[in-house]
Amino acid sequence: MSFQGTPYPGPTPTYAPTYPPPYNQTKPEIQHLSDGNIESPYQQGGFKPKNKVNDPIFLLFFVAVVLGFAALSGVVLNDWISHGGLGGGFGRPGGQTGAGVTLNRSAVYLLLLITAAAVLLSATYLILARAFTKALMHVTLVLSILLNIGICVYYWVTRYYSGAIIFTVIGILSILAYWGFRSRIPLAALLLQVVIDVSKHHTSVYAVAFTALLVQAAFAVWYTFTIIATYAKWTPGSPTCSETGTSCSSGKVAGLIFFETFAFLWVSQVVGNIALATLAGGPYGCWYYFGPKGSYGGEMPKHPTITAFSRASTTSLGSIAFGSLIVTLLDLLRLIFEILRNNAVEDGNPIGACLACCAACFTGCIESLVQYFNRYAYIEIALYGKPYIPAAKDTWRLFKNRGIDAIVNDSLVGMTLTWGGYVIGLLSSLFAYLYIRFTAPSYNADGQYTAPMLLFAFLIGLRCSLTMSSAIEAGVSTIFVGLGEDPQVLQLRAPDLFNLIATHYPRVVQGVSGT
């Protein structure tokens with residue numbers, strides 16, 4: 001099925017009003033928005049890459065950092081390999097140190113089977129989440145509160161008083177917030193159901209999420225080898241430094257590793273945010289604004305995911321790099337405070353260690369807030385093609401009007417999907433244990449690899465589940481932004497769904513007023 005030669009974006013399911021009105025609230029009378037000011041999303045600058053490059057200064061800076069990292073990495077890795085780095089030793093070609101690899105082909109098969117099982121279990125959990133959304137949200141909300149209480153009790157028992165005090169406050173707040181969160185479950189459950197339904201017809205959302213994960217993992221491996229090679233080449237007294245006769249110093253090593261870490265953190269942030277912008281401006285944004293039954297159906301982009309990726313990686317890359325740079329600098333600052341804290345502990349300076357710990361904690365909190373804020377700014381960039389500063393201003397306007405709603409909605413969806421990730425990780429570990437027990441691989445004759453393999457299985461299961469979940473969470477946030485910026489679009493395109501949302505969330509009929 002297609003719309004005027006364009007791909008079919010998937011149906012708008014009929015969502016029966018199976019949930020009662022929110023806690024202590026009666027069903028509102030649905031207001032109808034005016035049709036007169038509806039315009040095509042193309043007229044707002046969205047969904048079509050422009051010739052204008054947004055935030056070009058940050059784009060050029062980002063490209064320079066990437067090229068600089070690649071050049072530096074090429075130099076140190078070439079020198080490291082030429083001196084036998086990949087053989088395990090330094091200073092002599094073909095040098096060998098350490099133990100050889102003892103894992104055999106059976107271990108590779110196990111890891112591949114675990115990955116396949118984790119993907120299958122993740123898909124199964126999403127099916128269950130679609131069928132029992134409200135129940136799962138209630139259960140995971142209660143589990144999150146019990147977890148906070150359990151950690152609090154553990155810290156008091158082990159006499160870790162600073163952590164105990166913090167988690168006592170968190171536990172009390174989580175208990176008090178339970179009723180407020182509970183009243184928001186119907187809306188969060190409905191949006192989660194909608195996004196899961198949309199993702200069924202746009203499986204590219206999972207391809208984007210897994211591709212970003214693989215790129216980040218590959219870059220992490222590249223970064224790790226680059227760090228090792230940098231140490232080997234310029235650390236005073238190292239065999240490589242002595243043979244090459246280059247100028248070696250601890251200051252040079254520290255400066256280069258700082259730059260490499262900065263580049264690694266920034267590029268990792270940018271890759272993840274490009275994936276978010278691709279999902280928001282592609283399948284989810286196009287479903288919201290065009291959809292299968294709307295007045296814009298004939299304008300549905302032929303390849304929404306590719307189109308969104310094209311814009312995110314070209315004209316909007318500078319804006320994404322701008323926002324990612326802010327988080328990267330905060331992350332670096334937090335790491336510096338962590339280093340100062342460790343040094344203070346080693347020097348026996350408790351006051352300095354306490355101050356550095358508080359500074360690191362405060363910086364981490366700011367970083368988390370900025371990262372959450374940027375999530376919605378990137379959605380604004382993806383949907384409407386804005387530079388970072390205008391997108392940040394509109395995000396701030398959205399947060400002033402709907403900030404609590406967004407936080408509670410994302411928290412409920414996040415808790416539901418995260419707990420699912422832990423369950424899938426445990427099931428993956430169980431699968432690995434059964435495989436090892438019944439196949440009895442030779443490399444594990446004494447059982448020495450059982451624990452590491454179970455840990456790897458848990459991490460693989462958890463990572464696969466959270467990767468699929470990140471694609472779903474991006475859709476929930478995108479629809480929330482659409483409801484805040486242009487609620488009238490959904491009312492015209494899918495009035496039944498809009499009225500059901502308005503039943504649980506009456507403020508949707510108001511939209512977000514401009515500044």
Side-chain angles (χ1 to χ4, degrees), residues 41-73 208-209 211-212 215-216 219 222-223 259-282 284-286 301 303-333 366-367 369-399 470 474 477-478 481 485:
Y42 288 129
Q43 297 176 0
Q44 303 173 10
F47 302 105
K48 277 189 176 181
K50 298 179 180 179
N51 294 326
K52 179 183 178 182
V53 176
N54 295 326
D55 299 307
I57 295 177
F58 293 94
L59 173 60
L60 294 175
F61 183 33
F62 176 73
V63 172
V65 168
V66 172
L67 294 178
F69 177 86
L72 175 61
S73 178
V208 170
T211 300
V215 171
Q216 288 175 321
F219 191 70
W222 185 12
Y223 163 75
F259 168 74
E260 291 163 355
T261 303
F262 166 72
F264 168 70
L265 294 175
W266 195 10
V267 172
S268 298
Q269 284 279 335
V270 169
V271 170
N273 294 327
I274 286 176
L276 171 62
T278 300
L279 296 174
Y284 293 127
C286 289
H303 304 288
T305 304
I306 296 176
T307 302
F309 174 74
S310 174
R311 180 168 57 189
S313 58
T314 54
T315 55
S316 294
L317 181 57
S319 303
I320 294 174
F322 187 180
S324 301
L325 178 62
I326 298 173
V327 177
T328 300
L329 293 176
L330 289 171
D331 201 10
L332 280 175
L333 184 60
I366 296 177
E367 178 189 350
L369 292 174
V370 173
Q371 200 162 13
Y372 183 77
F373 177 87
N374 276 352
R375 175 185 182 84
Y376 283 85
Y378 298 137
I379 293 174
E380 292 273 355
I381 291 171
L383 292 178
Y384 310 114
K386 303 173 183 176
Y388 178 75
I389 294 298
K393 291 180 179 179
D394 288 340
T395 301
W396 178 246
R397 173 175 54 85
L398 178 69
F399 270 38
S470 66
S477 300
T478 301
V481 171
E485 297 286 357

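For reference, positions follow the sequence shown, starting with 1. In this text the structure is predicted, and so the values were computed from the model without any measurement. Only this structure's heavy atoms are used, side chains among them; waters, hydrogens and symmetry mates stay out.
- With sequence neighbours left out, S316 forms a side-chain contact (heavy atoms from CB on, under 4.5 Å) with N54, R311, I381.
- Contact check for F62 versus V267: side-chain heavy atoms found under the 4.5 Å cut-off.
- In terms of the side chain to side chain donor-acceptor pair (under 3.5 Å) criterion, residue partners of S73 (sequence neighbours excluded) are, by chain and number, W222, T226.
- If you take CZ on F58 and CH2 on W266, they are separated by 8.0 Å, rounding to the nearest 0.5 Å.
- Residues A308 and A277 share a closest heavy-atom pair of CB-O, 4.3 Å.
- Not counting sequence neighbours, the partners of Y388 by the ring pair (Phe, Tyr, Trp, His ring centres under 6.0 Å) test are F322.
- Atom CZ of F262 sits about 7.0 Å away from atom CG of L332, to the nearest 0.5 Å.
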Pair up each side-chain donor or acceptor in residues 65-72 with any protein partner under 3.5 Å, not counting sequence neighbours, and list the distances.
none

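- When all heavy atoms of L330 and E367 are compared, the pair lying nearest together is CD1-CA, 3.8 Å.
- For Q371, the side chain to side chain donor-acceptor pair (under 3.5 Å) criterion is met by no residue, not counting sequence neighbours.
- For F264, the ring pair (Phe, Tyr, Trp, His ring centres under 6.0 Å) partners at least two apart in sequence or on another chain are F219, Y223.
- The shortest non-hydrogen separation linking A474 to L276 is CB-CD1, 3.6 Å.
- Across all non-hydrogen atoms, the minimal contact from G281 to C286 is O-SG, 3.9 Å.
- Atom-to-atom distance recorded for E380:CD and D394:CG is 5.0 Å, nearest 0.5 angstrom.
- We find the CD1-NZ distance between I379 and K386 to be 11.5 Å, quoted to the nearest 0.5 Å.
- When all heavy atoms of A275 and A212 are compared, the pair lying nearest together is CB-CB, 3.7 Å.
- F61 places a side-chain heavy atom less than 4.5 Å from the side chain of L325.
- L59 meets the side-chain contact (heavy atoms from CB on, under 4.5 Å) test with V53, V63, L317; sequence neighbours excluded.
- The ring pair (Phe, Tyr, Trp, His ring centres under 6.0 Å) test applied to F259 returns no partner, not counting sequence neighbours.
- When all heavy atoms are compared, the tightest approach of A382 to A280 is CB-CB, 4.0 Å.
- Taking the side-chain contact (heavy atoms from CB on, under 4.5 Å) definition, one finds that F309 meets it with I274, T278, S313, sequence neighbours left out.
- Side chains of T478 and L279 form no contact here, defined as non-hydrogen atoms less than 4.5 Å apart.
- Contact check for K52 versus T315: no side-chain heavy atoms found under the 4.5 Å cut-off.
- Exactly one of S268, S324, S319 qualifies for a side-chain hydrogen bond (donor to acceptor under 3.5 Å, both in side chains) with N273. That residue is S324.
- Residues passing the salt bridge (charged side-chain N to carboxylate O under 4.0 Å, His left out) test with D331 are R334, sequence neighbours excluded.
- In terms of the side-chain contact (heavy atoms from CB on, under 4.5 Å) criterion, L369 has no residue partners (sequence neighbours excluded).
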Worksheet item: Between I389 and K393, is a side chain to side chain contact (heavy atoms under 4.5 Å, CB included) present by the stated rule, with each step listed?
Response: CA-CA 6 Å; I389 294 298; K393 291 180 179 179; 3.8 Å; yes
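- Every residue was checked against the side chain to side chain donor-acceptor pair (under 3.5 Å) condition with T211, not counting sequence neighbours, and none meets it.
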